[in-house]
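Let me begin by presenting the structure, written as structure tokens, before commenting on it.
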Amino acid sequence: MSKRIKIKDIFSAPVNQAYTIMGWVRTFRNNQFISVNDGSCLANIQVVINSDQIGEDVIKRITSGAGISIQGTLIESQGKGQTVEIVADRVEILGDCDAETYPIQLKNRPSLEYLREIAHLRFRTNAFSAIFRVRHALAFAIHKFFNDRGFFYIHSPIITASDAEGAGEMFQVTTLDLNNPPRNEDGSINYKEDFFEKHTNLTVSGQLEAELAALALSEVYTFGPTFRAENSNTTRHLAEFWMIEPEVAFNDLDDNMDLAEDMLKYLIQYALDHCAEDLAFLEQRLLDEEKQKPQADRSEMTLIEKLKFCLEHPFERLTYTEAIDILKNSTPNKKGKFQYPIKAWGADLQSEHERYLVEKHFKKPVILTNYPKEIKAFYMRMDEDGKTVRAMDVLFPGIGEIIGGSQREERLDKLMQRMEEMHIPKDEMSWFLDTRKYGSVPHAGFGLGFERLVLFVTGMTNIRDVIPFPRFPGSAEF
RNA sequence: GCCCCUUUAGCUCAGUUGGUUAGAGCGACGGACUGUUAAUCCGCAGGUCUCAGGUUCAAGUCCUGAAAGGGGCGCCA
């Protein structure tokens with residue numbers, strides 16, 4: 001028996017030779033043509049069988065979804081629609097698939113909502129196999145981008161005792177018996193008896209740990225799961241998501257923006273170069289979906305046009321103060337169309353304002369910088385005016401905030417002052433403050449929400465469709 | 001957490017002002033078919049109209065509540 005060849009490779013393999021392919025039946029037509037997919041690429045290989053040669057009992061078992069092994073000869077296709085096909089000598093059913101109960105009937109174009117409920121099987125569809133191949137390519141490209149630039153991949157902890165990062169509600173980690181936890185004399189729970197002998201949570205960010213590494217290795221990044229127990233019910237939030245957090249010593253805010261823009265463009269280019277077939281499919285899927293919508297709600301660009309547009313234009317960089325001016329004088333603000341009208345400097349920007357800037361005013365990715373200190377985290381570097389901090393948010397069309405970052409406050413006295421103002425317990429953060437005490441240098445970094453990047457590149461609209469097994473309030477299936 | 005929408009066959013959806021026995025396409029199943037491409041053709045089965053109350057002579061249709069799903073907002077990545 002010949003060695004198995006992946007379907008991805010068979011289209012360029014020499015013809016008139018014997019091959020073995022394995023995969024799953026997509027369709028079976030005319031008792032003669034099997035479309036087989038093994039997930040290595042979007043395309044199916046057409047297998048031609050001769051019913052005289054393949055027994056009736058086997059033919060009966062060639063159903064949609066069945067696992068199958070085919071041995072045969074690759075030939076130039078005798079029909080239209082494909083360049084090559086396999087004439088089968090041997091067909092073996094590896095795993096039967098009962099068509100009566102199999103929940104995926106591809107010809108019905110099942111809805112994304114339905115497939116979300118059967119996430120364990122949705123990999124079997126073209127859309128989800130394409131999404132997860134693109135997701136893989138982007139994950140790989142992230143490591144390649146940083147490795148090629150001399151960054152070191154730091155594994156920040158998943159379980160953390162640090163409760164002071166301020167990035168959101170946390171999931172507690174404990175081995176204590178919830179029905180009968182050990183108590184202190186005052187009735188509070190005695191975490192001294194917990195596994196770590198202290199109160200611990202799942203991490204909401206690897207940033208602080210990345211800063212520790214950056215202040216020795218200079219250029220580092222993290223790429224790991226992150227957990228937020230916020231009760232967020234949107235198409236852009238997950239309780240468990242993956243985040244990329246580069247942190248670079250000696251970088252200022254401009255360097256940080258350059259790194260963010262270079263990285264995003266590199267990743268988009270990588271996807272265009274390596275996932276052309278999948279992206280073309282996802283583009284068509286999006287076009288089909290938008291046909292249902294009224295003309296006004298449809299995108300002006302196709303998916304691939306949109307991705308290329310991002311590469312070709314510099315991201316618009318402006319300060320929060322400049323953005324407020326634009327918004328204050330904008331037509332929707334004057335006509336009272338904003339749900340939250342922009343009245344004065346200092347207001348937090350709502351997603352309607354971000355959308356206006358990105359989708360209406362500039363019509364391209366925007367980097368907003370120098371926000372008021374009151375609406376940003378304690379670790380961001382204070383500007384000279386004492387009012388704003390060196391923060392930056394990268395806003396993408398359709399996604400909103402895809403990156404949030406800043407130049408960090410490296411001056412010990414200023415950092416301590418901010419922690420006091422924002423009621424961050426200093427005693428728990430001594431390890432973090434040590435970096436400012438001993439050889440502190442300017443540095444900057446940011447966090448990229450990986451799923452938000454995948455959303456943008458694949459053109460999907462719900463973040464629950466770009467992670468294999470999404471976790472969100474009320475749902476931890478599979 | 002707040003607001004809005006949806007729920008009818010395995011899937012995607014029709015179902016008029018409340019009025020006989022609730023429909024279609026696809027899928028499944030049975031059959032035909034040796035060049036199909038979401039194959040085609042013929043045939044057939046498939047329903048507690050999400051659930052619990054209520055209004056009414058009469059409810060898939062109206063009202064109340066619940067559940068599940070979707071969307072928007074907030075929190076952020």
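Numbers restart at 1 for each chain; the letters A, B, ... are given by sequence-line order, proteins then strands.
One atom, OH of Y114(A), and another, P of U7(B), lie 19 Å apart when rounded to the nearest Å. Put simply, CZ on F33(A) is 16 Å from C1' on A38(B), counting in whole angstrom units. Rounded to a whole Å, the CZ atom of F396(A) is 17 Å from the C1' atom of C76(B). The distance from atom CG of L238(A) to atom C1' of C75(B) is 14 Å, rounded to the nearest whole Å. If you take CZ of F227(A) and C1' of A77(B), they are 14 Å apart, rounded to a whole angstrom. Atom CD in E113(A) sits roughly 14 Å away from atom C1' in C13(B) (whole-Å rounding). Taking atom CD of residue E117(A) and atom C1' of nucleotide G69(B), one finds them 6 Å apart after rounding to whole Å.
Salt-bridge check for R135(A) with D278(A): failed, with every basic side-chain N at 4.0 Å or more from each acidic carboxylate O. We find that D254(A) and R390(A) are not joined by a salt bridge, their nearest charged nitrogen and carboxylate oxygen being 4.0 Å or further apart. Here R122(A) pairs with D465(A) in a salt bridge; the nearest charged N to carboxylate O distance falls below 4.0 Å.
Q32(A) comes within 4.0 angstrom of a nucleotide base, judged by non-hydrogen atoms across all strands. The residue E85(A) sits close to a base: some heavy atom pair falls under 4.0 Å. Using a 4.0 Å heavy-atom cutoff across all strands shown, T101(A) reaches no nucleic acid atom at all. Nucleic acid contact class of R228(A) (heavy atoms, under 4.0 Å, all strands): base. Within the nucleic acid shown, E401(A) comes within 4.0 Å of sugar-phosphate atoms alone, with no base atom in reach, counting heavy atoms only.
A close approach under 4.0 Å does not occur between any side-chain nitrogen or oxygen of S51(A) and OP1 or OP2 of U34(B). The phosphate of C11(B) has neither OP1 nor OP2 within less than 4.0 Å of any side-chain N or O from S111(A). R26(A) has no side-chain polar atom (N or O) that falls below the 4.0 Å cut-off from OP1 or OP2 of A38(B). Note on R109(A): every side-chain N or O is 4.0 Å or more away from OP1 and OP2 of G25(B). Of the side-chain N and O atoms in S351(A), one or more sit less than 4.0 angstrom from OP1 or OP2 of G74(B). Regarding contacts with the backbone of C76(B), every side-chain N or O of K376(A) stays at 4.0 angstrom or more from both OP1 and OP2. Contact check, Q339(A) against C73(B): no side-chain N or O comes under 4.0 Å of OP1 or OP2. The side chain of R29(A) contributes no N or O atom lying less than 4.0 Å from OP1 or OP2 of C33(B). The side chain of T226(A) places no N or O atom within less than 4.0 Å of a non-bridging phosphate oxygen (OP1 or OP2) of A77(B). The phosphate of A38(B) (OP1 or OP2) has no side-chain N or O of N108(A) nearer than 4.0 angstrom.
Taking 3.5 Å as the limit, the base of C76(B) and the side chain of R452(A) contain a donor-acceptor pair of atoms between them. In this model, no side-chain donor or acceptor of R236(A) finds a partner on the base of A77(B) within 3.5 Å. In the interface, the side chain of S232(A) is not paired with the base of C76(B) through any donor and acceptor atom under 3.5 Å apart. A donor-acceptor contact under 3.5 angstrom links the side-chain atoms of Q82(A) to the base of U36(B).
Remark: A67(B) base-pairs with U7(B); criterion is Watson-Crick or G-U wobble with both hydrogen-bond distances under 3.5 Å. Base-pair partner of G1(B): C73(B) (Watson-Crick or G-U wobble, both distances under 3.5 Å). As the counterpart of A24(B), U12(B) is assigned, both hydrogen-bonding distances of the Watson-Crick or G-U wobble pattern falling under 3.5 Å. In this structure, A45(B) forms no base pair with any nucleotide, since neither Watson-Crick nor G-U wobble geometry is met with both distances under 3.5 Å. Across all strands shown, U61(B) forms no Watson-Crick or G-U wobble pair with both key distances under 3.5 Å. Remark: U55(B) base-pairs with no nucleotide in the shown strands. Criterion, Watson-Crick or G-U wobble with two distances under 3.5 Å.
Judged purely by distance below 3.5 Å, without hydrogens or angles, the side chains of Y356(A) and N333(A) never pair a donor atom with an acceptor atom. For the residue pair E211(A)/Y379(A), the side-chain donor-acceptor check at 3.5 Å is not satisfied.
The distance between the ring centers of F315(A) and F396(A) falls below 6.0 angstrom. Taking the centre of each ring, F28(A) and F33(A) stay at or above the 6.0 Å mark.
Under the stacking definition used here (centres under 5.5 Å, planes under 30°), the residue F241(A) qualifies as stacked on the base of A77(B).
Of the candidate nucleotides G69(B), C75(B), C11(B), C75(B) has the atom lying nearest to any side-chain atom of E230(A). Listed nucleotides: C33(B), C11(B), C76(B). Nearest to the side chain of H237(A): C76(B). You'll find that the side chain of N231(A) is closest to G1(B), out of U34(B), C75(B), G1(B). When distances are taken from the side chain of K107(A) to each of C33(B), G35(B), G27(B), the shortest belongs to G27(B). Side-chain atoms of N233(A) lie closest to C73(B) of the nucleotides G70(B), C76(B), C73(B). Nearest nucleotide to the side chain of Q78(A), out of G35(B), C29(B), G71(B): G35(B).
Nucleotides C51(B) and A67(B) place their P atoms 16 Å apart, quoted to the nearest Å. Distance noted for atom P between C63(B) and G72(B): 26 Å (whole Å). Separating the C1' atom of U50(B) from that of U7(B) is a span of 6 Å, rounded to the nearest Å. Across A59(B) and U16(B), the matching P atoms stand 16 Å from one another, rounded to whole Å. Rounded to whole Å, the separation between the P atoms of A22(B) and A32(B) comes to 34 Å. A9(B) sits 15 Å from G46(B) when the P atoms are compared, rounded to a whole Å. Taking atom C1' on both nucleotides, C13(B) is separated from U8(B) by 9 Å, rounded to a whole Å. Taking the C1' atoms as reference points, C44(B) lies 41 Å from G54(B), given to the whole Å.
Across F152(A), Y153(A), F145(A), F446(A), a single residue satisfies ring-ring contact (aromatic ring centres under 6.0 Å, His included) together with Y221(A), and that is Y153(A).
D288(A) places no side-chain N or O within 3.5 Å of a backbone atom of R285(A) that could act as its donor or acceptor partner.
Place E451(A) and R355(A) on RNA chain B by their nearest nucleotides, and R355(A) ends up nearer the 5' end. Checking R464(A) against M243(A), the closest nucleotide of RNA chain B that is more toward the 5' end is the one next to R464(A).
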